[in-house]
Amino acid sequence: QVQLVESGGGLVQPGGSLSLSCAASGIVFSDYIMNWHRQAPGKQRELVAAITRGGSTNIADSVKGRFTISRDNAKNTVNLQMNSLKPEDTAVYYCNARNLWPKGSDYWGKGTLVTVSS
């Protein structure tokens, strides 16, 4: 019954912005570290942003200063605000929920496609 559903992907011009959202259900959302990963065709999947239960964040160097991750525990959502988008940001973006307690869990959404192109 665990479900992570991403939304907000689409086509945007270089320099533009998009906001991605991930809605979680079937988990105690506040118990999980939430992450955004991305994968472009033919390239390795990479972690782009993470946010802890308490709201501390880590951002990949490749997107630092342009992307912001946030969470709303009351709404069971995690967002990724993407600004100053570049063609290199084109990828499928995946929402991921992980914890180590009480038993260790790892859940993934199906992904949403972001295309940055003129």
*Do the rings of Tyr93 and Phe67 sit parallel, tilted or perpendicular, given the 30° and 60° boundaries?*
tilted
*CG-OG distance between Leu4 and Ser25, expressed to the nearest 0.5 angstrom*: 7.5 Å
_Grouping I, L, V, M, F, W and Y whenever their side-chain heavy atoms are under 4.5 Å apart, do Ile59 and Leu85 come out in a common cluster?_
yes
*asked:* Can you tell me how far apart CZ (Arg38) and OG (Ser62) are? Round to the nearest 0.5 Å.
replied: 4.5 Å
*Same cluster for Val114 and Val92 if Ile/Leu/Val/Met/Phe/Trp/Tyr side chains link at under 4.5 Å?*
no
_Looking at Asp61 and Lys64, is there a salt bridge between them, counting it only when a charged N and a carboxylate O are closer than 4.0 Å?_
yes
_Using only atom types and a distance under 3.5 Å, with no angle test, would you say the side chain of Arg53 pairs donor to acceptor with the backbone of Ser30?_
yes
*Less than 4.5 Å apart, any side-chain heavy atom of Asn35 and any of Arg98?*
yes
*Is the count of non-hydrogen atoms from other residues, nucleotides or ligands lying under 6.0 Å from Asp72 atom CG greater than 12?*
yes
*Is a side-chain donor or acceptor of Arg71 paired with a backbone partner of Phe29 at a separation under 3.5 angstrom?*
yes
_Rounded distance (nearest 0.5 Å) linking atom CG of Leu47 with atom CH2 of Trp36_ = 12.0 Å
*May I ask whether Leu20 and Ile51 are part of the same hydrophobic cluster, defined by side-chain heavy atoms of I, L, V, M, F, W, Y residues being less than 4.5 angstrom apart, directly or through others?*
yes
_Trace of the side chain to side chain contact (heavy atoms under 4.5 Å, CB included) decision for Val78 with Cys95_ = CA-CA 8 Å; Val78 59; Cys95 180; 3.8 Å; yes
*Salt bridge present between Glu6 and Lys110 (N-O < 4.0 angstrom)*: no
*Starting from the C-alpha separation in whole Å, work towards a yes-or-no answer on side chain to side chain donor-acceptor pair (under 3.5 Å) for Ser21 and Asn79.*
CA-CA 4 Å; Ser21 181; Asn79 295 327; 3.1 Å; yes
*Do the side chain of Asn99 and the main chain of Ile33 share a donor and acceptor less than 3.5 angstrom apart?*
no
*Enter the distance from Ile69:CD1 to Ser56:OG here, rounded to the nearest 0.5 Å.*
11.5 Å
*asked:* Checking the side chain of Thr90 only, and the main-chain atoms of Val116 only, is there a donor and an acceptor separated by less than 3.5 Å?
replied: yes
*Would Tyr94 end up clustered with Val2 when hydrophobic side chains under 4.5 Å apart are linked, directly or stepwise?*
no
*Distance only, no hydrogens: is a donor on one side chain within 3.5 Å (strictly under) of an acceptor on the other, for Gln81 and Asn83?*
yes
*Got a donor-acceptor contact below 3.5 angstrom from the Arg66 side chain to the Ser84 backbone?*
yes
*Do Thr115 side-chain atoms and Leu11 backbone N/O form a donor-acceptor pair below 3.5 Å?*
no
*CD1/Ile27 to CG/Asn76 distance, rounded to the nearest 0.5 angstrom?*
7.0 Å
*Verify the cluster assignment for Trp108 and Leu80: are they in a single hydrophobic cluster under the rule of side-chain heavy atoms below 4.5 Å apart?*
no
_Pairwise side-chain contact, Ser118 with Pro14, heavy-atom cut-off 4.5 Å (strictly under)_ = yes
